[in-house]
**Q** 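I'd like to ask you about the structure that follows.
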Amino acid sequence: MEAKLIIAIDGPSGAGKSTLSKALAKQLGYINIDTGAMYRTVALLAHRKNISAQDKEGLKKLCADLIIEFKPTPEVELVIANGADVTAEIRTPEVSLLTPKVAAQPVVRDAMVLLQRKIGAAGGVVLEGRDIGTVVFPHAAVKFFLSASVEERGKRRYEELLAKGMDVDLQQTIADVEARDVADSEREHAPLIQAGDAVVINSTDLSIQGVLDEMLLAVGNAK
Ligand code: DC
């Protein structure tokens, strides 16, 4: 029987992790776990319940009572929190702003890491996030660190927002991406760092297929 590997994809926002993680999982017949969506879900529920990002006890209880499920459909992967579909709501600018603050709390990270390990333990998974190869699964069979220049990531985000009909400014979007990099890299708990044994792919001048080909090659070598 073919080995069912644990594959980690880490990197800053806008590097193409979500797209590549989904494509790689599909190609391999693996489950795709978007760990950012899990932190976003905690932030959304905290917001709804008026639990502040500083309220450790409140967040701990929220996480203890939380069941997150991923349900793939032909169009999108649905994120279900305690039985309710939160897929769209976890992507609002308000939740995007609150998520790094909630994700910086060790009580939240501990709960999510535990959940991620439970989901991924049997293998046959691609996990996408910031700390998968360093904290969640340091012994993952293959680790990718996907990056791209800040200008390119800002441009991609700008085009994404434009396509959604939003009124955005390119330079401001690039500045926002830069600010999020700083917040993600400089936080005290589980900051975004590259695992020493990660396969580093810079996607600035690569197509999605180009990155996917590199990834499949590395996975093939690990089997
Ligand atoms: O990948 P994303 O933009 O959906 O992530 C949302 C936020 O969650 C972002 O601020 C980084 C944080 N995050 C994290 O701290 N650890 C992870 N494993 C994944 C995301």
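Counting starts at 1 for both ligands and their atoms, following the listed order.
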**Q** Going by the atom numbers of ligand 1, which of them fall below 4.0 Å from some non-hydrogen atom of Asp131?
**A** 17 (C), 18 (N)
**Q** Which ligand 1 atoms are under 4.0 Å away from a heavy-atom of Ala103?
**A** 15 (O)
**Q** Run the numbers for me: atoms of ligand 1, each under 4.0 Å from some heavy atom of Gly36, listed by number.
**A**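 Numbered from 1, ligand 1 contributes 4 (O), 5 (O), 19 (C), 20 (C).
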**Q** So if I count the atoms of ligand 1 from 1 in the order they appear, which ones are less than 4.0 Å from some heavy atom of Arg180?
**A**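 Those qualifying, in numeric order: 3 (O).
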**Q** Would you call Lys155-Glu152 a salt bridge at under 4.0 Å N-O?
**A** yes
**Q** Nearest 0.5 Å, please: how far is CG in Leu212 from OG in Ser207?
**A**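 Spacing of OG (Ser207) from CG (Leu212) equals 9.0 Å.
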**Q** Under 4.5 Å between side-chain heavy atoms, counting indirect links through other Ile/Leu/Val/Met/Phe/Trp/Tyr residues: same cluster for Phe70 and Leu24 or not?
**A** no
**Q** Please list the nearest protein heavy atom to atom 14 (C) of ligand 1 with its residue and the distance rounded to 0.1 Å.
**A**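 Residue, atom and distance for the closest contact: Arg109 NH2, 3.6 Å.
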**Q** Regarding Glu128 and Ser18, do their side chains bring together a donor and an acceptor under 3.5 Å, going by distance alone?
**A** yes
**Q** Heavy-atom contact check, 4.0 Å cutoff: does Arg91 meet ligand 1?
**A** yes
**Q** Gln116 near ligand 1, heavy-atom distance under 4.0 Å?
**A** no
**Q** What protein heavy atom lies closest to atom 19 (C) of ligand 1? Include the residue and the distance to one decimal.
**A** Thr35 OG1, 3.4 Å
**Q** Hey, which atoms in ligand 1 end up nearer than 4.0 Å to a heavy atom of Arg40?
**A**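 Result: 2 (P), 3 (O), 4 (O), 6 (C).
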**Q** Of the options Val79, Val95, Val102, which is the one that meets Thr41 in a side-chain contact (heavy atoms from CB on, under 4.5 Å)?
**A** Val79
**Q** What atoms of ligand 1 come closer than 4.0 angstrom to any heavy atom of Asp184?
**A** 10 (O), 11 (C)
**Q** Among all protein heavy atoms, pick out the one at the shortest distance from atom 13 (N) of ligand 1; state its residue, atom name and that distance to 0.1 Å.
**A**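 The protein heavy atom lying closest is Arg130 CG, 3.8 Å.
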**Q** Can you pull out the closest protein heavy atom to atom 8 (O) of ligand 1? Residue, atom name and distance to 0.1 Å, please.
**A**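 The protein heavy atom lying closest is Thr99 CG2, 3.6 Å.
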**Q** If I take atom NE2 from residue His47 and atom CZ from residue Arg40, how far apart are they, to the nearest 0.5 angstrom?
**A** 14.0 Å
**Q** If we ignore hydrogens and angles and just use 3.5 Å, is the side chain of Asp10 paired with the main-chain N or O of Asp131 as donor and acceptor?
**A**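 Yes, because the side chain of Asp10 sits within donor-acceptor range (under 3.5 Å) of the backbone of Asp131.
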**Q** Would you say Met38 contacts ligand 1, with heavy atoms under 4.0 Å as the rule?
**A** no
**Q** Does a side-chain N-to-carboxylate-O contact under 4.0 Å join Asp65 and Lys61?
**A**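 Counted as a salt bridge, because a side-chain N and a carboxylate O are separated by less than 4.0 Å.
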**Q** Tell me, with the steps shown, if Lys101 and Asp184 meet salt bridge (charged side-chain N to carboxylate O under 4.0 Å, His left out).
**A** CA-CA 10 Å; Lys101 296 182 187 120; Asp184 280 346; over 6 Å; no
